[in-house]
Every structure is written in C-alpha cells, then in structure tokens.
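Protein chains get the first letters and strands the later ones, always in sequence-line order, with residue 1 at the start of each. Quick caveat: nothing in here was measured; it's all calculated off a predicted structure.
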Amino acid sequence: MMITGIKGMNDILPAEIAAWHFLESQVREVFPPFGFNEIRVPVLEKTELFCRSIGDDTDIVEKEMYTFPDKSGHSLTLRPEGTASVMRAYIEHKMYAQNQVEKLYYVGPMFRYERPQKGRYRQFHQIGAEIIGETSPLADVQLLNMLCRFFGSIGIRDALLQLNSLGCPACRPGYRQALAVFIASRLDVLCSDCRRRHQHNPLRVLDCKVEQCRTACQDAPSVLDHLCADCSTHFATVRRLLTDLNIPFEVNKRMVRGLDYYTRTTFEMVSSRLGSQNAVAAGGRYDGLIASLGGPPVPGIGFAIGMERLILMLNSSSFPPSRPDIFLVTLGDKALEKGFSLLSGLQVDGLRAEMDFSGKSMKAQMRRADKVQARLVLILGEDELARNQIQIRAMDDGSQETVDLDRLLPILSDRLAAI
RNA sequence: GUGGGUGUAGCUCAGAUGGUAGAGCACUGGAUUGUGGCUCCAGUUGUCGAGGGUUCGAUCCCCUUCACUCACCCCA
C-alpha cells in the first residue's frame with residue numbers, strides 16, 4: 001500500500017510555490033514600516049498554554065487540538081493558533097521590560113483536528129501580527145490599516161472589513177444576561193443548534209446561519225447598546241479614525257469570535273469567493289490575556305490571516321511558472337560532456353540553464369526546450385565543437401546566430417536582456 | 001463527530017440491463033540522417049480505490065472499509 005500524506009495536510013508543490021513566496025515577500029515589505037518585527041516560535045507548546053489562553057470551553061480546545069504526550073509524559077499540543085505562543089514568548093523573555101509597546105508578526109503553520117473542507121485544512125498557515133502594551137484605539141486603527149494595506153498590496157480589493165465590539169469585563173456580563181433573557185423568550189422558534197447554544201454561549205445564536213434564527217434575532221439586544229462608557233468611546237474613536245484614513249468598513253453587531261480572550265474591538269475580513277468558510281482574516285483586542293497567562297497587566301490586539309484562503313482569492317494565472325533562460329542542446333558524446341561543463345559555467349554565473357543528459361535525439365531535445373519554454377537554445381554539435389563555436393537560437397522568433405565560444409557570455413546577456 | 005457527492009491510464013473523463021476496458025491530453029519514436037510550436041503516423045501506460053459476498057463469470061449487483069471532496073458544527 002502506498003504511503004500517503006496525512007488527511008488535511010497538504011504538500012505545496014513547485015507549481016504553487018510562487019504564490020506563497022509572493023505572500024511572504026509582501027508581508028516582509030508591508031509590515032516593517034508600521035514598526036513590526038518578526039518573531040519565530042515553536043510549533044509545539046505545553047497543552048496548558050492553549051487551555052488557558054483560548055479557553056477550556058471553546059471548540060478548539062475541546063475537540064480540535066493535536067495533543068499527545070512526549071516521552072517524558074508531558075502533554076504537548078501542536079499550536080492551533082499563533083497568539084498564545086507569541087504571548088508566552090513575550091512574557092517568558094520579559095519583553096515588556098525592553099519596550100513599552102511591542103509589535104510582532106509571524107508566519108507559519110497551525111494545526112487543528114477538524115474535517116477538511118474548502119479553505120480549511122488540518123495543517124494550515126497563518127500570517128499574524130500583534131501589538132502588545134497599547135490601550136489606545138490608535139493601535140486598533142494602525143493594525144487595521146496595516147491589514148488593509150497588505151490586502152491592497154497583494155491585489156485583493158473585494159474583501160470586506162467587518163467590525164464589532166465585544167465590550168470588556170465591566171459591560172459584557174450585563175449584555176450577556178440581557179441576551180440570554182431575550183433568547184429564552186424566543187426559544188421555541190430557534191433551531192436545535194441554537195437551543196443548545198443558548199446554554200453555554202448565547203452570543204453564538206446571533207451568528208447562526210439558519211434564516212429562521214436570523215429573523216427571530218432581528219431585534220435582539222445589541223452589544224453596542226450595552227457597552228460601558230469607556231468601551232463606547234473606544235469603539236467610536238476606532239470608527240472615526242478608520243473613516244479619516246478612508247478605510248471602508250461595516251459594523252456587524254452580530255459578529256462573534258470563537259476565542260475566549262477577545263475584548264472590545266473585534267473584526268473579520270470576509271469574502272464571497274471563499275465558499276462556506278468566508279473569513280480570510282480575523283482578530284481583535286485581548287486586554288486580559290497576558291495577565292491571565294502570568295504576565296504583567298498589559299493589553300494587546302492582533303489579527304491572523306489564513307494563507308490558504310488568501311491564495312484561493314488570488315488569481316493563480318498571475319503566477320506564471322519560472323522559465324529557464326537557456327536550454328543547451330548537444331549532439332554526440334564529445335559535445336555532451338563539453339556541453340555539460342559549459343552548462344555548469346552558465347549556472348555558476350547565475351543563468352537558469354538546463355540540458356538533457358541522456359543523449360536523446362535533437363528533435364526530442366528541441367521539443368523539451370520548447371516544453372519548458374526556454375528563452376534561448378544553445379546548439380553544440382560536432383561541427384561547432386570543431387570550430388570552437390556554438391549556435392544561439394531565439395525560441396520566440398526562431399532567429400539563429402553562430403558565435404565563438406569565448407564570446408558566448410557577453411552575447412548571451414545581451415540577447416537575454418533584449419527579450 | 002454528522003450528512004451529501006465522487007473514486008476507471010500520469011491528468012481530464014467516457015463506458016456496458018454482469019462476459020476482465022476506451023477517448024482526449026501528456027509521454028516516446030518517426031515523417032524532417034543536426035532544429036521546437038502546427039499537421040500526420042506508430043507505440044507505451046491500468047491490480048476499473050481496497051476487502052468480502054452473490055454468480056459459470058463482477059469494474060458493473062450486495063455488504064464492509066478506505067480515500068478524496070463539499071456542507072454542518074466550528075474556525076483563519
């Protein structure tokens with residue numbers, strides 16, 4: 001039986017790698033001007049870290065983590081998201097003692113044990129950014145601005161920014177209570193999922209996709225009406241500054257986040273082009289997280305972008321496969337070996353050069369050159385070898401010239417520059 | 001964890017009320033003894049996802065299982 005990869009864990013093949021390189025290079029170009037530095041943390045952490053940060057009652061912790069004991073019996077978990085690990089590193093290295101505000105970003109694989117579907121895999125990749133140590137709504141807006149700039153830089157214009165506020169420990173319990181009362185009054189018209197949800201997470205009912213539930217919750221109490229004065233002012237400032245920066249957004253008072261640690265500002269970037277999993281990026285403020293992990297009482301805000309979902313949105317035809325500069329065709333045993341060392345010289349000089357090693361017919365070699373879309377073909381046969389010459393053929397127009405071998409390099413760079 | 005769809009050549013897919021399979025593309029060679037793309041000719045490729053059952057005989061019918069895929073739950 002063939003050994004296959006693990007369900008939901010995909011190989012990224014050479015044909016797809018250009019899109020990944022593109023995203024990674026855009027991150028490294030767009031983020032640093034906003035003051036962000038990259039951090040790399042391990043993919044494995046002690047299980048306890050995720051239980052405490054994401055929340056014991058969340059689906060992620062309850063059923064979606066890759067958790068197993070190592071040889072000494074410690075329970076380890078493949079990270080299901082990046083924020084927890086970054087906060088652990090922040091606290092462990094006492095980064096708060098260096099800078100009052102720390103801005104960090106990361107790129108890498110995350111792991112969740114779920115049934116794969118379009119835009120959702122067991123190993124997936126996220127680009128994340130965090131601002132730690134800043135309470136001001138300016139931090140929220142800077143982060144969102146950077147997120148939108150990033151989307152613009154990769155040519156995505158049809159993602160919609162949705163914004164909400166979840167309040168803080170001062171005002172959220174009151175809202176939750178009011179909502180629970182409302183839902184209890186409509187329980188008979190809600191779907192079975194929502195009836196179950198209203199027990200442990202009433203906010204989720206607002207997010208239900210069932211039409212009947214949506215209409216039933218039409219006039220449910222809004223979080224935004226229950227925000228305390230501080231949260232309300234914070235949210236108003238975020239909206240005002242976004243408008244000042246010409247960043248389009250939409251307030252979605254039904255938006256709920258799946259992780260326990262979020263407070264105040266939460267947001268999502270959604271797209272209709274993604275199928276059912278329509279969020280391509282999401283995040284929010286987590287003012288209590290760092291303290292709850294044993295760090296100082298500093299606030300934070302961050303986002304994560306799903307790279308696979310991003311790639312679904314990109315036009316794949318804008319990433320043409322890279323083509324060789326040169327394909328060397330040889331005829332005869334002597335030319336094969338002489339050509340091979342010539343090839344090596346070209347490659348050392350940084351040209352992308354290929355040839356056939358197996359002594360195929362000239363027609364076959366030419367076909368190969370055409371197939372890989374080489375720009376130039378070099379032809380080295382017994383005749384050319386005897387005269388210390390080589391032929392250069394431009395594949396686009398079929399024009400051909402014979403040049404002395406010792407003048408090859410400068411002529412090649414001329415011809416390549418002209419294409 | 002639940003539900004639907006799909007598994008036939010490297011790829012995309014046909015196929016027959018059960019008699020052990022085909023096309024296009026791709027690949028190789030030739031027409032053009034040292035010149036690609038177009039055209040023409042020839043050739044290669046399959047445990048018909050796996051296991052079991054019914055049958056003289058199963059790729060097709062039945063059961064089981066696995067994989068892929070979409071959706072639910074939930075999430076990036």
Residue matched to B:G34 through Watson-Crick or wobble contacts both under 3.5 angstrom: none

OP1 or OP2 of B:G1 under 4.0 Å from side-chain N/O of A:Lys63: no

Presence of A:Lys371 side-chain N/O under 4.0 Å of B:C27 phosphate oxygens OP1/OP2: yes

Salt bridge flag under 4.0 Å for residues A:Glu45 and A:Arg88: yes

Rounded distance in Å - CE (A:Met362) to P (B:U32): 16 Å

Distance in Å, A:Arg112 CZ paired with A:Ile60 CD1, rounded so as to fall on 0.5 Å steps: 4.0 Å

Residue whose closest nucleotide on RNA chain B lies nearer the 5' end, A:Met395 versus A:Tyr262: A:Met395

Inter-nucleotide P distance (B:U6, B:C62), Å rounded: 13 Å

Atom-to-atom span, NZ of A:Lys360 to P of B:G29 - whole angstrom: 6 Å

Protein-nucleotide distance (A:Met255, atom CE; B:C75, atom C1'), rounded to Å: 13 Å

B:U32 to B:A50 separation - C1' atoms, rounded to the nearest Å: 49 Å

B:G1 base / A:Glu64 side chain donor-acceptor hit below 3.5 Å: no

Under 3.5 Å donor-acceptor pair, A:Gln365 side-chain atoms to B:U35 base atoms: no

N/O donor-acceptor pair, side chain A:Arg120 with base B:C74, under 3.5 angstrom: yes

Watson-Crick or G-U wobble partner of B:G19, both distances under 3.5 Å: B:C56

Sugar-phosphate, base or nothing in reach of A:Ala369, heavy atoms under 4.0 Å: nothing

Phosphate-side-chain proximity, A:Gln277 and B:C75, N/O vs OP1/OP2 below 4.0 Å: no

Side-chain ion pair, A:Arg79 and A:Glu81, N-O less than 4.0 Å: no

Sugar-phosphate, base or nothing in reach of A:Gln391, heavy atoms under 4.0 Å: base

Nearest heavy-atom neighbours spanning A:Leu328 and A:Met355: O-CB, 3.3 Å

Sugar-phosphate, base or nothing in reach of A:Ile127, heavy atoms under 4.0 Å: nothing

Nucleotide forming a Watson-Crick or wobble pair with B:C27, both distances under 3.5 Å: B:G43

Test applied, side chain to side chain contact (heavy atoms under 4.5 Å, CB included); reference residue, A:Gln117; option that passes from A:Arg115, A:Glu114, A:Arg120: A:Arg120

Nearest-angstrom distance from the residue atom CZ of A:Arg367 to P of B:U39: 12 Å

B:A14: pairing nucleotide in any strand, Watson-Crick or G-U under 3.5 angstrom: none

Rounded distance (Å) that lies between atom C1' of B:C75 and atom CD of A:Glu268: 9 Å

Spacing of A:Glu308 atom CD relative to B:U69 atom C1', expressed in whole Å: 17 Å

Complementary nucleotide for B:A67 - Watson-Crick or wobble, under 3.5 Å: B:U6

Between P of B:C73 and CG of A:Asp59, the distance in whole Å: 11 Å

Short side-chain N/O contact to B:G30 OP1/OP2 from A:Ser361, under 4.0 Å: yes

Sugar-phosphate, base or nothing in reach of A:Gly283, heavy atoms under 4.0 Å: nothing

Stepwise salt bridge (charged side-chain N to carboxylate O under 4.0 Å, His left out) test for A:Glu401 and A:Arg415: CA-CA 11 Å; A:Glu401 61 189 314; A:Arg415 297 296 175 269; 2.5 Å; yes

Ring pair (Phe, Tyr, Trp, His ring centres under 6.0 Å) between A:Phe36 and A:Tyr105, worked out: CA-CA 6 Å; A:Phe36 286 73; A:Tyr105 75 88; 7.3 Å; no

Phosphate-side-chain proximity, A:Ser276 and B:C72, N/O vs OP1/OP2 below 4.0 Å: yes

Between B:A9 and B:G46 - C1' atom distance, rounded Å: 5 Å

Whichever of A:Asp370 and A:Glu114 has its nearest RNA chain B nucleotide further upstream toward 5': A:Asp370

Presence of salt bridge, A:Glu354 and A:Arg368, under 4.0 angstrom: no

Sugar-phosphate only, base, or nothing, as touched by A:Glu384 at under 4.0 Å among non-hydrogen atoms: base

Side chain A:Arg309 and base B:C75 donor-acceptor under 3.5 Å: yes

Spacing between A:Arg368 atom CZ and B:U28 atom C1', to the nearest angstrom: 12 Å

Rounded P spacing from B:U54 to B:U59 in Å: 15 Å

Below 4.0 Å: OP1/OP2 of B:U69 and any side-chain N or O of A:Lys118: no

Candidates B:G34, B:G37, B:A76 - which lies nearest the side chain of A:Ala282: B:A76

Identified pairing partner of B:G1, criterion: Watson-Crick or G-U wobble below 3.5 Å: B:C72

